[in-house]
Every structure is written in structure tokens, then in C-alpha cells.
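Computed from heavy atoms alone, side chains included, the values below leave out hydrogens, waters and symmetry copies. In listed order, ligands and their atoms are each counted from 1.
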Amino acid sequence: MFKGYKDLPCVPMTWDTTLVNMTGGWRTYKPILDEEKCNKCYICWKFCPEAAIDVDDELKEVPKIDYDHCKGCAICANECPKEAIEMVEESIED
Ligand code: SF4
Ligand code: SF4
């Protein structure tokens with residue numbers, strides 16, 4: 001079990017999603033992050049294949065999900081060691 005993002009191997013990542021496709025329209029399930037449960041390990045950020053989890057430069061704040069680019073794959077929810085991310089069915093109104 002990984003305790004934090006530093007336990008994961010180094011891989012190329014992007015800090016900026018503005019050049020990536022707007023994959024949010026593919027989503028049928030939406031990740032909801034519970035800030036009370038989050039321990040700021042940033043494992044979700046490292047695993048997200050769409051770079052749709054935003055973190056601050058100092059890595060001190062709870063990550064934020066960029067719903068324009070999140071495709072709802074649930075990798076973040078599956079990898080989160082604190083079960084802080086819940087996948088909920090996308091509402092048609094969203
Ligand atoms: S949501 Fe989960 S994986 Fe992401 S930083 Fe918080 S505890 Fe870690
Ligand atoms: S559901 Fe998938 S695309 Fe969306 S934030 Fe989580 S890992 Fe990234």
C-alpha cells in the first residue's frame with residue numbers, strides 16, 4: 001500500500017490541463033472528494049490519467065477535481081487509501 005505520492009515511481013505528468021481534450025463530457029460517474037477524509041497524500045493526483053486533479057504548487061491543500069477534464073474513470077477513487085473519493089452517478093442536469 002502506498003502511503004503517499006512519493007512512494008510511487010517517477011512518471012511524466014502535466015501540471016496544466018488546458019492543452020488536453022475536454023474529457024468531462026464522457027463521464028457517467030462523477031468523483032466527489034470528501035475534504036474531511038483526505039490526508040493530502042496526493043496519490044489520486046499521480047494516478048489520474050487525465051491530469052484532472054489539480055494541486056497547489058506547495059502540495060499543502062486538498063486536491064481539487066477539474067470536472068471539465070475528468071472522464072469519470074474512478075481510478076482516483078480506487079487508489080485513494082482513505083476512501084475519500086466517492087463515485088456518484090452523474091445527473092443529467094450537471
Ligand atoms: S483524495 Fe485520497 S488519494 Fe487524494 S490526496 Fe486525499 S487521501 Fe490522498
Ligand atoms: S475519475 Fe478518473 S479522470 Fe476523473 S479525476 Fe478520477 S482518475 Fe481523474
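Here OH of Tyr42 is found 9.5 Å from NZ of Lys60. Values are rounded to the nearest 0.5 Å.
Residue contacts with ligand 2 leave out Ala77, since none of its heavy atoms falls under 4.0 Å from the ligand.
Atom numbering of ligand 2 starts at 1 in the shown order; those under 4.0 Å from a heavy atom of Pro49 are 7 (S). In the vicinity of Ile85, heavy-atom distances shorter than 4.0 Å reach the ligand 1 atoms 1 (S).
Around atom 4 (Fe) of ligand 2, the protein N, O or S atoms closer than 2.8 Å are Cys70 SG, listed by chain and residue number.
Residues forming a side chain to side chain contact (heavy atoms under 4.5 Å, CB included) with Ile32 (at least two apart in sequence, or on another chain): Lys30, Tyr67, Val88. For Pro49, the side chain to side chain contact (heavy atoms under 4.5 Å, CB included) test picks out Lys71, Cys73, Ile75, with sequence neighbours left out.
Within the protein, the number of N, O or S atoms lying under 2.8 Å from atom 8 (Fe) of ligand 1 is 1.
In terms of heavy-atom proximity, Lys40 sits nearest to Val62 at CE-CG2, 3.9 Å. Residue Pro63 comes nearest to Ile53 through the heavy atom pair CB-CG2, 3.5 Å, listed as atom of the first residue, atom of the second, then distance.
Met87 and Trp45 fall into different hydrophobic clusters, where Ile, Leu, Val, Met, Phe, Trp and Tyr residues are linked whenever their side-chain heavy atoms come under 4.5 Å apart, directly or through other members.
Note on Lys64 versus Glu35: salt bridge recorded, some NZ/NE/NH1/NH2 to OD/OE distance being below 4.0 Å.
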